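The structure appears below as structure tokens.
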Protein chains: 2
Amino acid sequence: MPAFSRRPLYLQLCEVMADRIATRAWKPGSALPNEGDLAREFGVSPGTARKALERLEQMRLITRRQGRGSFVCDLTSGELVDRFATIRRADGGSVAAGVRTVEIERVPATAEECARLCLAHGDPIYRVRRVLLAGDVPFMIENASMPAALFPGLEQQDTLAGQIALLARHFGVLVGRGSERIATERASREVSESLGVAEGAIVVVLDRVILALDGRPIEWRIGWCNLAGMHYHAQIT
Amino acid sequence: MPAFSRRPLYLQLCEVMADRIATRAWKPGSALPNEGDLAREFGVSPGTARKALERLEQMRLITRRQGRGSFVCDLTSGELVDRFATIRRADGGSVAAGVRTVEIERVPATAEECARLCLAHGDPIYRVRRVLLAGDVPFMIENASMPAALFPGLEQQDTLAGQIALLARHFGVLVGRGSERIATERASREVSESLGVAEGAIVVVLDRVILALDGRPIEWRIGWCNLAGMHYHAQIT
DNA sequence: AAGTGGTCTAGACCACTCA
DNA sequence: GAGTGGTCTAGACCACTTG
């Protein structure tokens, strides 16, 4: 991999390997070649290959264990998905939320959607309405918007549309960080009926943008939540 | 620094340098010795010194810039402090909060304080009551508990007691991550009077533990907040 | 015993900053 | 041009896991 690019070798190598993971050429749970083999395959020194692997580990695409090897993470299981489930029990345990996808539409982005998703005027988006259930009791309704370019044919995937992690894996998008904003608001007629609270009661509004690992916004979501008996959890790093 | 410890050299080196920063032997803003000099001073190879420096950068104790050098971060300015100010304007801007310290007491920890701060039964704590102001309007009241062992003589430092970052610097404690939990609650008589809201109105309860870089809990705080017109901001990483 | 990642060494050269 | 951190190389040895 000498090539002509002046970009650091370890970053180029990291990108190639990330792509193999995104496209599932390297499958979740499988072992990567060892450091020496990777270095030979790509024509770099072992130290450079190691640096790329360390970066993949930082990105949470692989885990490494001394004496065992490097393994592709399952991007749709455990904490990698739970980290976006910020509504939990007081002890941090999952509320075992079910998701009901109410509606999916493909429409041009509004001005606000363009701004939040870094799109150009008129770019198409998928807009998804969901209801989150604790057991069979709805506690949050969500409006989510996603760039159509990243998820072509999403309207046929309504079982995936409820969870960004599943969607992202299906379309080969690597999920990165998100930022969330919380306010309180009086429940509108629609919200009160969906959540089974009084009209005008205080609900919590969760406004969130999730980015891909490469920094592109992949989902903007607003949720109206009846927080009764539950907690929002955040890490400050 | 050969010594007899089997702990990785770069971690030992990192710890020594972190201590120099905590104790202000290396002052905020000042330049560290260059990589080669550090390696010679500690008797390790340049690569090992570099690894320790990279770790200090990850811990946000130093910043490094190609062509310039490595510099000690000011632990009490800018984003290093703001990250704990999770209540902000909608755009993420600061609410320019003032802090009024209402009361400081030194008492044995309650069972709950022991649990949240990982203390033993009867260990002394400082308990601080504060009011946060937007302009001159109170929007949050806080009860904070801190292990007395980490902050000896805190009761004489009431100007510092309002901000954990100032306190930590004064006592040579390096601040690490925190975790916060949010619920809604009806305002008690006391809360409603402090915040100027109706008794029984919905307020937001912020329950937070901050850890030192070495993992020891340094502050447990509960805040009752009138979120009207403001937003809670969180990063999901 | 063989294979893996983790640590450590000792250099080389490059890109950037600043006097 | 001198000095800094950033990249890259090419090894050695250690600690851990597994058969």
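All values derive from a computational prediction rather than experimental measurement. Numbers restart at 1 for each chain; the letters A, B, ... are given by sequence-line order, proteins then strands.
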Q. Atom OH in Tyr10(B), atom CD in Glu15(B): separation rounded to 0.5 Å?
A. 12.5 Å
(Q) Just N and O in the side chain of Asn34(A): are any of them under 4.0 Å from OP1 or OP2 of dT4(C)? (A) yes
Q: Report the residue (Glu54(A) or Arg68(B)) whose heavy-atom-nearest nucleotide on DNA chain C is the more 5′ of the two.
A: Glu54(A)
Q. Separation of Phe71(A) atom CZ from dT4(C) atom C1', in whole Å?
A. 9 Å
Q) Gln66(B) has an atom CD; how far is it from atom P of dG5(D), in whole Å? A) 10 Å
Q) Can you tell me if the side-chain N/O atoms of Thr48(A) get under 4.0 Å from OP1 or OP2 in dT9(D)? A) yes
**Q.** Side chain of Pro8(A) (C-beta onward), nearest among dC8(D), dT9(C), dG6(D)
**A.** dC8(D)
Q. To the nearest angstrom, how far is Leu53(B) atom CG from dC8(C) atom C1'?
A. 15 Å
Q. If you measure from CD1 on Ile104(B) to CD on Gln156(B), what distance do you get to the nearest 0.5 Å?
A. 9.5 Å
Q: State, to 0.1 Å, how close Ile164(A) and Phe151(A) come at their nearest heavy-atom pair, and which atoms those are.
A: CD1-CZ, 4.3 Å
Q: Take the protein atom CG of Leu11(A) and the nucleotide atom C1' of dC8(D), then report the distance between them rounded to whole Å.
A: 13 Å
Q: Please work out if Arg50(B) contacts a base, only the sugar-phosphate, or nothing of the nucleic acid, heavy-atom cut-off 4.0 Å.
A: base
Q) Given dT4(D), is OP1 or OP2 found less than 4.0 Å from the side-chain N or O atoms of Ser70(B)? A) no
Q. When you check the phosphate oxygens OP1 and OP2 of dC8(D), does a side-chain N or O of Lys51(A) lie under 4.0 Å from one of them?
A. no
Q | Minimum-distance pair of heavy atoms, taken over all atoms of Thr86(B) and Ile236(A) | A | CG2-CD1, 4.1 Å
Q: Would you mind reading off the distance between Arg55(A) atom CZ and dG6(D) atom P, rounded to a whole angstrom?
A: 13 Å
Q: Let me know the distance between CG of Leu32(A) and C1' of dG3(C), rounded to the nearest Å.
A: 16 Å
**Q.** Atom-pair distance (CZ on Arg65(B); C1' on dC18(C)), nearest Å
**A.** 12 Å
Q: Return no unless some side-chain N or O of Tyr10(A) is found under 4.0 Å from OP1 or OP2 of dC8(D).
A: no
(Q) Let's go through Phe139(A) and Met230(A) carefully: what are the C-alpha distance in whole Å and the side-chain angles of both, what is the deciding distance for side-chain contact (heavy atoms from CB on, under 4.5 Å) to 0.1 Å, and is it a yes or a no? (A) CA-CA 10 Å; Phe139(A) 68 95; Met230(A) 292 182 288; 3.4 Å; yes
Q. Whole-Å distance between dA12(C) C1' and Glu35(B) CD?
A. 14 Å
